[in-house]
Amino acid sequence: MTQKAILLDAAYSDENEVSVITLYVTSKGKNFWLKDKNFHPYLYVIAGKNESEKLAEQIMKMSFGEGKEEKAIKVQKIPAANEGEKEVLKVSFKRVSTLVNARKIFSELGVEKREYDIPYAKRYLLDKRLEPGNGVEYVPEGEEELLGLNDGEGAVSGIKYSSIKISSIKPMEMPFEGKATAFDFETKFSQKFTIGGEPILMTSIVSGDVLGGKQKNRVFSYETKKIKGLEILKDEKELLRETQDELNAQNSFIITYNGDNFDFAYAKERAKKLKQEFLVNGAQPKSIRKGLDNAIKLSGIQHIDAYQIMKLMQRTGAVNTVKLDIETVSEKVFGEEKEKVYPKEITEAWESGDEKKLTRLVDYNLKDSITAFKIASEFLPMFIEISKLTSQTLFETTRNSTSQMVEDLLLKEAHFRGIIAPNKPKENEVTQRTMNPIKGAFVKEPIAGLHENIAVLDFASLYPSIIISHNISPDTLNCKHKECKEKNTTPDGTWFCTKEKGLVPEILEKMLKQRLKLKAEYKKKKKEGHDDKVLFAKQWALKIVLNSVYGYLGYPRARWYSRECASATTALARQYIQETISKAEKSGFEVVYGDTDSNFLKMLDKSRADVEKFLEKVNAELPETMELELDGFYKRGIFVTKKEGGAAKKKYALMDEKGNLKIVGFEYVRRDWCNIAKETQKRVIEMVLSEGKTKEPVEYVRKVIKDLKEGKVPKSELVVMTLLQRKPKDYTAIGPHVAAVMKAQERGKKIDVGSMLSFIITKGNTKSSISDKAELEEYVNEGDYDADYYIENQVLPAVIKILQEFGYSREDLISGGKQTGLNSWN
DNA sequence: TAATTCGCTAGACCGA
DNA sequence: TCGGTCTAGCGAA
């Protein structure tokens, strides 16, 4: 009698004074709700030794509100693995609202409480270990019925849904599938932009299976010319209705690009103005605060905002683009050029009905939806894995911070092991933690100059492997055993139990092993010619979470924050890397550089076999889960001297046998340097490393300087990009980018905090400061640039440090070798 | 409601 | 006008 379906969403509704869990699932192309009445909201209360019985009696008598229903329905004493002598009571309620009242009353009474702030639906998923995106097996109870749902403020009464009562449910493996629809609006332009201020002109729709395959595309508009690929509807009202119908066609996912901040809010406003409804799955799209951002939550159906996905991929280093607009992403991630159509052009194309312009607009509108859909198809497999690990919906995992992912994982696994979670820290505790930072990694000062034959070694997953090897966990810290103190004391003086596995290392070990297995499987399949994207996504999901655990332990707002654990981890890391350095030196290598987990060995008279032998020797002496690996051999590498003297850390360039260049930390990889400086630097590094020749780069730099002086360099090469991190008035030091913004704002331009700014240093007044001459790119004419600035403050600093290593000076670059006056070109 | 620390550099700011 | 200090941003791991 069991049934199977794929789990999409979990929520709750209040029904006859009882909070009930509702799960949105999909099976064989049909979506419906499951209803579980057997799970109740609860929290834990801590009592002293032998005091729980008395407290339990007291709580059972208490009333947590006006009605007679506002009482605890059950108080149980439960064993807790981590509360020591204290006794723990689990207090359950009929309704979430009663729990909310109760926790306030407990606070007033000074009753110690735990896990009181975990949302009910999230609690349900964690406790039952259900995995959104994966299968569930449930036992139906009674017939399918049509019921009204009351899912908070956005719900609409009078609409009935297919719903099945269930008696039990558990997770199961099921291949993922689900129908998705991506949509995108184009709106009419106005000088003063407001959400919903002007009509929506066009909608594009792309639907199909979320992981790709055959798709249905539509673009529709109204009151404009009918052209190929464009449907003409009666008016905006019909456009909205048609969009709504598409969104309600049995979708599991709805995909947007920035739908959290634009499309849904726009539709809502327009619908209000046109006096009609805009409902998805029978409810208003609901605006939810997510950190500093807004998110749009739909009832049941998972709203996937591809822009949020890209932001997360950017944060975790999976992609690296300067901007995250859909055009840049399309090009950088999929290698597809995408033309941008600006708001004014959109309106013009629509109003004029000009066939060419309209065709371009239709194409643009459709490609937005296609690209958003593609991003979802590409990255959802990975988020599904994170959803499985953390038991959170895809709506959550595509928007969560990495700390949230780790915390959800820990909550889930702690519950499984009977460990009560620590409370979130209070604000003053957060401040305390923040003021007391943890000492981090060791970075060895490099030997400046050009080096030949370098072997780069690094530790695989250094921090996770240390945490596992030394069993570093809040629950194993400074245990009572004398033996552990003797055997497993860290350089910090803290020690960790060697007898019982800690919560954190246990989880990490499982994930690390799993990841190695997946990686090997993926590699094997790839060798056989099959690029298995799901395998890759799985191991990448594990990588993200694995790498975030150390950061989480040192994160001041974490429930499981542990200064001792985080600090012990880095202390051991410093010890291991320094030991490796001395071992390498003893083995006859010269160690040129090292940062956190890496070692750069100059091979001198040694062979590759010697490096392999060295690796073997080191690995034999390391704990089992730790491993030093070979990153690669490089024929040349360069480190440069700092302005202040001494060699610069975190800045180097390597070239391998095949001539491939790896540039790290240099201006070339920084977005806050202009292109001409970056490209010149790259060419110089390339020449210096590939041929070891040094005369050519000097000639090359002189040519660049000459072009700059002659005003030949185009704007695009001179743009410097910087993020506006706060409101202009909040800066104490007004840098060039802030000055440029303030000038633009005076001209009436609207710029939000968090925008990427492109600015140029113009000719301006020679005597004035750099900030005075900074202007946003859009206000600068071709040729209007301060050549002096770009030569002295961009190109020369980028190349001088490299060429200095070969005996050249600034003077050699700016003139024929003879020193001339500073401003000789003016 | 935000993962961590280490490190480099530019350019404003400020007092002599 | 000079030089030291501070603010700000971004990258490495």
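Reminder, nothing fancy here: chain letters follow the sequence lines and each chain counts from 1.
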Q) What parts of residues 463-477 of chain A reach DNA chain B, counting only heavy atoms under 4.0 Å away? A) none
Q. Closer than 4.0 Å, any side-chain N/O of A/Y731 to the OP1 or OP2 of C/dG9?
A. yes
Q. Looking for any heavy atom pair under 4.0 Å, which part of the strands does A/S771 touch: base, sugar-phosphate only, or nothing?
A. sugar-phosphate
For nucleotides 13-16 of chain B, list the nitrogen or oxygen atoms of the protein found under 3.5 Å from its nitrogen or oxygen atoms, one pair per line.
unit_1: B/dC13; atom_1: OP1; unit_2: A/I734; atom_2: N; d: 3.3

**Q.** Interatomic distance where CG belongs to A/D595 and C1' belongs to C/dA13 [whole Å]
**A.** 5 Å
Q: Kindly indicate whether the side chain of A/R670 and the base of C/dC10 share any N or O donor-acceptor pair separated by less than 3.5 Å?
A: yes
Q | Between C/dC10 (P) and A/K678 (NZ): distance, integer Å | A | 12 Å
Q) Taking atom C1' of B/dT4 as reference, at what distance in whole Å does atom CZ of A/F442 sit? A) 19 Å
Q: Tell me what A/R671 touches on the nucleic acid: a base, only sugar-phosphate, or nothing, going by heavy atoms under 4.0 Å.
A: sugar-phosphate
Q) A/I438 near the nucleic acid: base, sugar-phosphate alone, or nothing, with a heavy-atom cut-off under 4.0 Å? A) sugar-phosphate
Q) For the ring pair A/Y652 and A/F666, is the centre-to-centre distance below 6.0 Å? A) no
Q: Can you run down the side-chain hydrogen bond (donor to acceptor under 3.5 Å, both in side chains) pairs that involve residues 548-561 of chain A, sequence neighbours left out, and say none if there aren't any?
A: A/D117-A/R559, A/E407-A/Y552, A/E407-A/R559, A/E427-A/R557
Q: To the nearest Å, give me how far apart NZ (A/K643) and C1' (C/dG3) are.
A: 13 Å
Q: Output yes when at least one side-chain N/O atom of A/K651 is less than 4.0 Å from OP1 or OP2 of B/dT9, else no.
A: yes
Q.
I need the NZ-C1' distance between A/K642 and B/dC6, as an integer number of Å.
A. 12 Å
Q.
Counting only side-chain nitrogens and oxygens, does A/H737 get under 4.0 Å of the OP1 or OP2 atom of C/dG9?
A. yes
Q) Any side-chain donor-acceptor pair under 3.5 Å between A/T328 and A/D325? A) yes
Q | A/T722 side chain near C/dG9 phosphate (N/O to OP1/OP2, under 4.0 Å) | A | no
(Q) If you take any heavy atom closer than 4.0 Å to DNA chain B, which residues from residues 554-574 of chain A end up in contact? (A) A/G554, A/Y555, A/P556, A/R557
(Q) For A/Y634 and A/H451, I'd like to know if the aromatic rings sit close, meaning centre-to-centre distance below 6.0 Å. (A) no
Q | Atom pair CG/NZ of A/D305 and A/K311 - distance to nearest 0.5 Å | A | 8.5 Å
Q) Toward the 5' end of DNA chain B, which comes first, A/G551 or A/K439, by nearest nucleotide? A) A/G551
Q. Nearest-Å distance, CZ (A/F666) to P (C/dG11)?
A. 15 Å
Q. Taking the side chain of A/K649 as heavy atoms from C-beta outward, which of B/dG7, B/dA3, B/dG11 is closest to it?
A. B/dG7
Q: Using only side-chain N and O atoms of A/N793, determine if any of them is under 4.0 Å from OP1 or OP2 of B/dG11.
A: yes
Q) Nearest-Å distance, OH (A/Y550) to P (B/dT5)? A) 6 Å
Q. Is A/D293 touching bases, backbone alone, or none of the nucleic acid, heavy atoms closer than 4.0 Å?
A. nothing
Q. Measuring from A/T570:OG1 to A/F442:CZ, what's the distance to the nearest 0.5 Å?
A. 13.5 Å
Q: Please state whether the phosphate of B/dT1, meaning OP1 or OP2, lies under 4.0 angstrom from any side-chain nitrogen or oxygen of A/K424.
A: yes
Q.
Base, sugar-phosphate or nothing for A/G440? Non-hydrogen atoms, less than 4.0 Å.
A. sugar-phosphate
Q) Quick one: are A/I761 and A/F759 in side-chain contact, heavy atoms under 4.5 Å? A) yes
Q: Check the pair A/R433 / A/E429 against salt bridge (Lys or Arg N to Asp or Glu O under 4.0 Å), numbers first and verdict last.
A: CA-CA 6 Å; A/R433 292 174 180 182; A/E429 176 66 20; 3.0 Å; yes
Q.
Counting C-beta onward and ignoring hydrogens, is there a side-chain heavy-atom pair between A/L724 and A/Y731 closer than 4.5 Å?
A. yes
Q.
So, using side chain to side chain contact (heavy atoms under 4.5 Å, CB included) as the criterion, who are the partners of A/E396 when residues are at least two apart?
A. A/K290, A/Q392, A/T393, A/N400
**Q.** Distance, rounded to the nearest Å, where A/E667 contributes CD and B/dA10 contributes C1'
**A.** 10 Å
Q: Can you sort out which residues in residues 398-406 of chain A have a heavy atom within less than 4.0 Å of DNA chain B? Ascending by number, please.
A: A/S401, A/T402, A/S403
Q.
Closest approach to the side chain of A/I770, judged atom by atom: which nucleotide of B/dT1, B/dG11, C/dA13 is it?
A. B/dG11
